[in-house]
Amino acid sequence: MKRLAIAVFVVVLLALGIARCGRSREGETKPPESAAVSAVEAKPAERKPAEPTKAAARPRALTAAEKAARVENIRADYDAIRKGVADELAAVAAASAAGPGPFGETQVFLRRLALLEREQRADLAQVLDERELEDFELRESSTGQLVAARLGATAATEAQRRAVFRIRRDFDDRYGFVFDLAREALAERERARKEMDRQIRAVLGEDLFAGWAAGDAR
(Lines give C-alpha, C1' and ligand atoms only; values in the text may rest on other atoms or scores of the structure.)
Protein backbone atom coordinates (compact mmCIF):
# COMPACT_ATOMS: atom_id res chain seq x y z
CA MET A 1 0.00 0.00 0.00
CA LYS A 2 2.82 2.31 0.87
CA ARG A 3 4.57 1.48 -2.41
CA LEU A 4 1.41 2.27 -4.35
CA ALA A 5 1.15 5.71 -2.72
CA ILE A 6 4.76 6.45 -3.62
CA ALA A 7 4.19 5.43 -7.25
CA VAL A 8 1.09 7.63 -7.52
CA PHE A 9 3.07 10.55 -6.10
CA VAL A 10 5.83 10.06 -8.66
CA VAL A 11 3.34 9.93 -11.52
CA VAL A 12 1.71 13.16 -10.34
CA LEU A 13 5.11 14.86 -10.20
CA LEU A 14 5.94 13.69 -13.70
CA ALA A 15 2.59 14.98 -15.01
CA LEU A 16 3.14 18.38 -13.40
CA GLY A 17 6.61 18.58 -14.90
CA ILE A 18 5.35 17.76 -18.40
CA ALA A 19 2.58 20.38 -18.11
CA ARG A 20 5.04 23.07 -17.01
CA CYS A 21 7.42 22.16 -19.79
CA GLY A 22 4.60 22.45 -22.33
CA ARG A 23 3.55 25.88 -21.07
CA SER A 24 7.16 27.05 -21.12
CA ARG A 25 7.62 25.99 -24.73
CA GLU A 26 4.33 27.54 -25.68
CA GLY A 27 5.47 30.82 -24.15
CA GLU A 28 8.68 30.67 -26.19
CA THR A 29 7.00 30.03 -29.54
CA LYS A 30 3.85 32.15 -29.24
CA PRO A 31 4.34 35.89 -28.63
CA PRO A 32 2.14 37.49 -26.03
CA GLU A 33 -0.94 39.26 -27.26
CA SER A 34 0.49 42.70 -26.44
CA ALA A 35 3.59 41.98 -28.56
CA ALA A 36 1.42 40.94 -31.51
CA VAL A 37 -0.59 44.14 -31.22
CA SER A 38 2.59 46.20 -31.07
CA ALA A 39 3.91 44.49 -34.18
CA VAL A 40 0.73 45.34 -36.05
CA GLU A 41 0.86 48.94 -34.88
CA ALA A 42 4.54 49.23 -35.87
CA LYS A 43 3.82 48.13 -39.42
CA PRO A 44 3.90 51.20 -41.66
CA ALA A 45 0.59 52.19 -43.14
CA GLU A 46 0.20 51.46 -46.79
CA ARG A 47 0.59 54.61 -48.89
CA LYS A 48 -2.02 55.46 -51.43
CA PRO A 49 -0.65 56.30 -54.85
CA ALA A 50 -0.46 60.03 -55.40
CA GLU A 51 -3.15 61.44 -57.58
CA PRO A 52 -1.83 62.69 -60.91
CA THR A 53 -1.47 66.47 -60.91
CA LYS A 54 -3.32 68.39 -63.53
CA ALA A 55 -1.12 70.02 -66.16
CA ALA A 56 -0.97 73.78 -65.88
CA ALA A 57 -3.01 75.49 -68.51
CA ARG A 58 -0.82 76.99 -71.20
CA PRO A 59 -1.34 80.67 -71.93
CA ARG A 60 -3.15 81.44 -75.12
CA ALA A 61 -0.86 82.26 -78.02
CA LEU A 62 -0.96 85.90 -79.04
CA THR A 63 -2.31 86.83 -82.42
CA ALA A 64 -0.15 88.80 -84.84
CA ALA A 65 -2.14 91.94 -84.07
CA GLU A 66 -1.72 91.47 -80.31
CA LYS A 67 2.01 90.95 -80.71
CA ALA A 68 2.32 94.07 -82.85
CA ALA A 69 0.41 96.12 -80.28
CA ARG A 70 2.57 94.92 -77.39
CA VAL A 71 5.78 95.50 -79.34
CA GLU A 72 4.67 99.04 -80.17
CA ASN A 73 3.88 99.72 -76.51
CA ILE A 74 7.30 98.44 -75.42
CA ARG A 75 9.06 100.50 -78.05
CA ALA A 76 7.13 103.65 -77.12
CA ASP A 77 7.92 103.17 -73.43
CA TYR A 78 11.64 102.80 -74.02
CA ASP A 79 11.75 105.64 -76.53
CA ALA A 80 10.27 107.90 -73.85
CA ILE A 81 12.85 106.72 -71.31
CA ARG A 82 15.71 107.25 -73.76
CA LYS A 83 14.45 110.74 -74.53
CA GLY A 84 14.47 111.53 -70.83
CA VAL A 85 18.05 110.28 -70.54
CA ALA A 86 19.10 112.38 -73.56
CA ASP A 87 17.42 115.46 -72.09
CA GLU A 88 19.30 114.96 -68.83
CA LEU A 89 22.58 114.67 -70.69
CA ALA A 90 21.83 117.81 -72.70
CA ALA A 91 21.10 119.71 -69.50
CA VAL A 92 24.38 118.58 -67.95
CA ALA A 93 26.27 119.52 -71.11
CA ALA A 94 24.67 122.98 -71.16
CA ALA A 95 25.60 123.56 -67.54
CA SER A 96 29.21 122.59 -68.27
CA ALA A 97 29.54 124.48 -71.57
CA ALA A 98 32.32 126.69 -70.21
CA GLY A 99 34.28 123.76 -68.84
CA PRO A 100 36.24 120.89 -70.42
CA GLY A 101 33.10 118.88 -71.05
CA PRO A 102 31.06 116.44 -68.92
CA PHE A 103 32.91 113.31 -70.02
CA GLY A 104 32.27 111.49 -66.73
CA GLU A 105 28.58 112.28 -66.90
CA THR A 106 28.50 111.18 -70.53
CA GLN A 107 29.90 107.79 -69.53
CA VAL A 108 27.16 107.39 -66.95
CA PHE A 109 24.44 108.22 -69.47
CA LEU A 110 25.93 105.89 -72.08
CA ARG A 111 25.92 103.03 -69.59
CA ARG A 112 22.27 103.80 -68.89
CA LEU A 113 21.51 103.65 -72.61
CA ALA A 114 23.28 100.30 -72.88
CA LEU A 115 21.25 98.98 -69.96
CA LEU A 116 18.04 100.22 -71.58
CA GLU A 117 18.92 98.36 -74.79
CA ARG A 118 19.32 95.10 -72.88
CA GLU A 119 16.14 95.62 -70.88
CA GLN A 120 14.13 96.38 -74.01
CA ARG A 121 15.44 93.22 -75.65
CA ALA A 122 14.46 91.19 -72.59
CA ASP A 123 10.94 92.66 -72.62
CA LEU A 124 10.54 92.02 -76.33
CA ALA A 125 11.70 88.43 -75.84
CA GLN A 126 8.63 87.89 -73.64
CA VAL A 127 6.42 88.66 -76.64
CA LEU A 128 8.43 87.57 -79.70
CA ASP A 129 10.11 84.28 -80.45
CA GLU A 130 13.83 84.19 -81.25
CA ARG A 131 13.39 84.67 -85.00
CA GLU A 132 10.82 87.45 -84.61
CA LEU A 133 13.07 89.27 -82.14
CA GLU A 134 16.00 89.11 -84.54
CA ASP A 135 13.78 90.39 -87.37
CA PHE A 136 12.74 93.32 -85.18
CA GLU A 137 16.33 94.20 -84.32
CA LEU A 138 17.43 93.90 -87.93
CA ARG A 139 14.82 96.54 -88.79
CA GLU A 140 14.93 98.78 -85.75
CA SER A 141 18.29 98.62 -84.00
CA SER A 142 21.30 100.72 -84.94
CA THR A 143 23.27 97.53 -85.55
CA GLY A 144 20.60 96.19 -87.89
CA GLN A 145 20.50 99.45 -89.81
CA LEU A 146 24.30 99.41 -90.12
CA VAL A 147 24.18 95.89 -91.61
CA ALA A 148 21.43 96.93 -94.01
CA ALA A 149 23.35 100.00 -95.13
CA ARG A 150 26.59 98.12 -95.79
CA LEU A 151 25.24 94.83 -97.17
CA GLY A 152 21.82 95.75 -98.51
CA ALA A 153 23.00 96.42 -102.06
CA THR A 154 25.53 93.57 -102.17
CA ALA A 155 25.33 89.90 -103.09
CA ALA A 156 25.38 88.86 -99.42
CA THR A 157 22.82 86.17 -98.65
CA GLU A 158 20.20 86.42 -95.94
CA ALA A 159 22.15 83.91 -93.85
CA GLN A 160 25.33 85.97 -94.20
CA ARG A 161 23.56 89.18 -93.20
CA ARG A 162 22.10 87.59 -90.12
CA ALA A 163 25.45 86.08 -89.14
CA VAL A 164 27.19 89.44 -89.55
CA PHE A 165 24.41 91.11 -87.57
CA ARG A 166 24.92 88.73 -84.63
CA ILE A 167 28.67 89.24 -84.63
CA ARG A 168 28.40 93.01 -84.78
CA ARG A 169 25.59 93.09 -82.20
CA ASP A 170 27.76 91.21 -79.70
CA PHE A 171 30.51 93.79 -80.18
CA ASP A 172 28.10 96.72 -79.92
CA ASP A 173 26.49 95.28 -76.78
CA ARG A 174 29.89 95.31 -75.12
CA TYR A 175 31.50 98.44 -76.53
CA GLY A 176 28.86 100.45 -78.35
CA PHE A 177 28.12 102.73 -75.38
CA VAL A 178 31.51 102.62 -73.69
CA PHE A 179 34.32 105.06 -74.41
CA ASP A 180 36.91 104.31 -71.77
CA LEU A 181 40.12 106.16 -72.68
CA ALA A 182 42.35 104.18 -70.33
CA ARG A 183 45.21 102.51 -72.18
CA GLU A 184 44.20 99.00 -71.14
CA ALA A 185 40.57 99.58 -72.07
CA LEU A 186 41.49 100.95 -75.49
CA ALA A 187 43.81 97.99 -76.13
CA GLU A 188 41.05 95.54 -75.17
CA ARG A 189 38.54 97.29 -77.41
CA GLU A 190 40.96 97.17 -80.35
CA ARG A 191 41.64 93.48 -79.77
CA ALA A 192 37.88 92.80 -79.73
CA ARG A 193 37.39 94.86 -82.91
CA LYS A 194 40.05 92.86 -84.75
CA GLU A 195 38.47 89.61 -83.62
CA MET A 196 35.09 90.88 -84.84
CA ASP A 197 36.59 91.73 -88.23
CA ARG A 198 38.16 88.27 -88.44
CA GLN A 199 34.81 86.60 -87.81
CA ILE A 200 32.97 88.81 -90.31
CA ARG A 201 35.62 88.15 -92.97
CA ALA A 202 35.15 84.41 -92.41
CA VAL A 203 31.41 84.81 -93.01
CA LEU A 204 31.51 87.15 -96.00
CA GLY A 205 34.69 86.19 -97.85
CA GLU A 206 37.33 88.61 -99.02
CA ASP A 207 35.34 90.49 -101.70
CA LEU A 208 32.26 91.21 -99.58
CA PHE A 209 34.38 91.98 -96.55
CA ALA A 210 36.34 94.61 -98.50
CA GLY A 211 33.08 96.47 -99.10
CA TRP A 212 32.03 96.00 -95.51
CA ALA A 213 35.33 97.30 -94.11
CA ALA A 214 35.22 100.31 -96.43
CA GLY A 215 32.35 101.61 -94.33
CA ASP A 216 34.65 101.93 -91.34
CA ALA A 217 36.92 104.26 -93.30
CA ARG A 218 34.13 106.73 -94.13
Side-chain angles (χ1 to χ4, degrees), residues 71 74-75 78-79 81-93 96-97 99-218:
V71 167
I74 292 172
R75 177 166 50 187
Y78 279 94
D79 283 347
I81 296 172
R82 278 189 286 267
K83 184 179 184 304
V85 171
D87 289 345
E88 289 181 37
L89 179 58
V92 172
S96 306
F103 184 74
E105 290 84 351
T106 301
Q107 285 287 77
V108 172
F109 285 113
L110 290 174
R111 282 195 289 270
R112 289 174 63 184
L113 289 175
L115 180 60
L116 286 172
E117 289 293 324
R118 296 188 185 98
E119 289 178 347
Q120 177 177 280
R121 184 180 300 157
D123 286 348
L124 289 170
Q126 300 298 315
V127 179
L128 306 174
D129 60 32
E130 186 175 353
R131 179 76 174 200
E132 290 170 337
L133 178 58
E134 186 169 87
D135 288 342
F136 175 87
E137 292 190 306
L138 279 167
R139 294 190 310 269
E140 305 293 338
S141 71
S142 58
T143 303
Q145 292 168 6
L146 173 68
V147 171
R150 294 195 186 182
L151 298 179
T154 70
T157 65
E158 179 71 10
Q160 286 176 316
R161 295 179 191 185
R162 288 181 181 273
V164 170
F165 166 76
R166 295 175 193 131
I167 295 169
R168 180 67 193 227
R169 182 188 61 192
D170 290 344
F171 178 84
D172 288 345
D173 282 349
R174 187 172 180 182
Y175 298 104
F177 294 100
V178 177
F179 297 96
D180 191 342
L181 299 181
R183 179 180 301 176
E184 296 80 3
L186 290 174
E188 173 61 22
R189 180 188 178 93
E190 180 62 16
R191 185 205 62 77
R193 187 192 64 79
K194 289 180 178 179
E195 174 60 20
M196 175 189 68
D197 287 345
R198 185 194 66 78
Q199 293 178 8
I200 293 176
R201 180 186 283 110
V203 170
L204 295 178
E206 292 298 332
D207 292 340
L208 285 174
F209 178 75
W212 167 271
D216 291 327
R218 294 173 189 159

Under the rule for side-chain hydrogen bond (donor to acceptor under 3.5 Å, both in side chains), what residues qualify as partners of [X], not counting sequence neighbours?
{"X": "E88", "result": "R112"}
{"X": "E132", "result": "K67"}
{"X": "S141", "result": "none"}
{"X": "R183", "result": "none"}

**OP:** Kindly check if the number of other-residue, nucleotide or ligand heavy atoms within 6.0 Å of CG (D129) is above 12?
**Re:**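 Counting neighbours around CG of D129, more than 12 heavy atoms of other residues, nucleotides or ligands fall under 6.0 Å, so yes.
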**OP:** With sequence neighbours left out, write down each residue that passes salt bridge (Lys or Arg N to Asp or Glu O under 4.0 Å) with R82, or none if nothing qualifies.
**Re:**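 Testing R82 for salt bridge (Lys or Arg N to Asp or Glu O under 4.0 Å), a comparison that skips the adjacent residues, returns D79, E117.
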Original post:
salt bridge (Lys or Arg N to Asp or Glu O under 4.0 Å) with D87: which residues, sequence neighbours excluded?
Top reply: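 Residues passing salt bridge (Lys or Arg N to Asp or Glu O under 4.0 Å) with D87: K83.
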Subject >> Listed once per pair and sorted, the ring-ring contact (aromatic ring centres under 6.0 Å, His included) pairs that draw on residues 137-174, sequence neighbours left out >> reply: F171-Y175
Original post:
Among all residues two or more places apart in sequence or in another chain, which pass the ring-ring contact (aromatic ring centres under 6.0 Å, His included) test with F136?
Top reply: none
Original post:
For Y78, what residues pass the ring-ring contact (aromatic ring centres under 6.0 Å, His included) criterion, not counting sequence neighbours?
Top reply: none
What pairs with [X] under side chain to side chain contact (heavy atoms under 4.5 Å, CB included), at least two apart in sequence or on another chain?
{"X": "A125", "value": "L133"}
{"X": "E190", "value": "R193, K194"}
{"X": "R166", "value": "E134, R162, R169"}

Original post:
Do the non-hydrogen side-chain atoms of D197 and F209 ever get within less than 4.5 Å of each other?
Top reply: yes
**OP:** For the residue pair L151 and L204, establish whether any side-chain heavy-atom pair is separated by less than 4.5 Å.
**Re:**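 Yes, side chains in contact.
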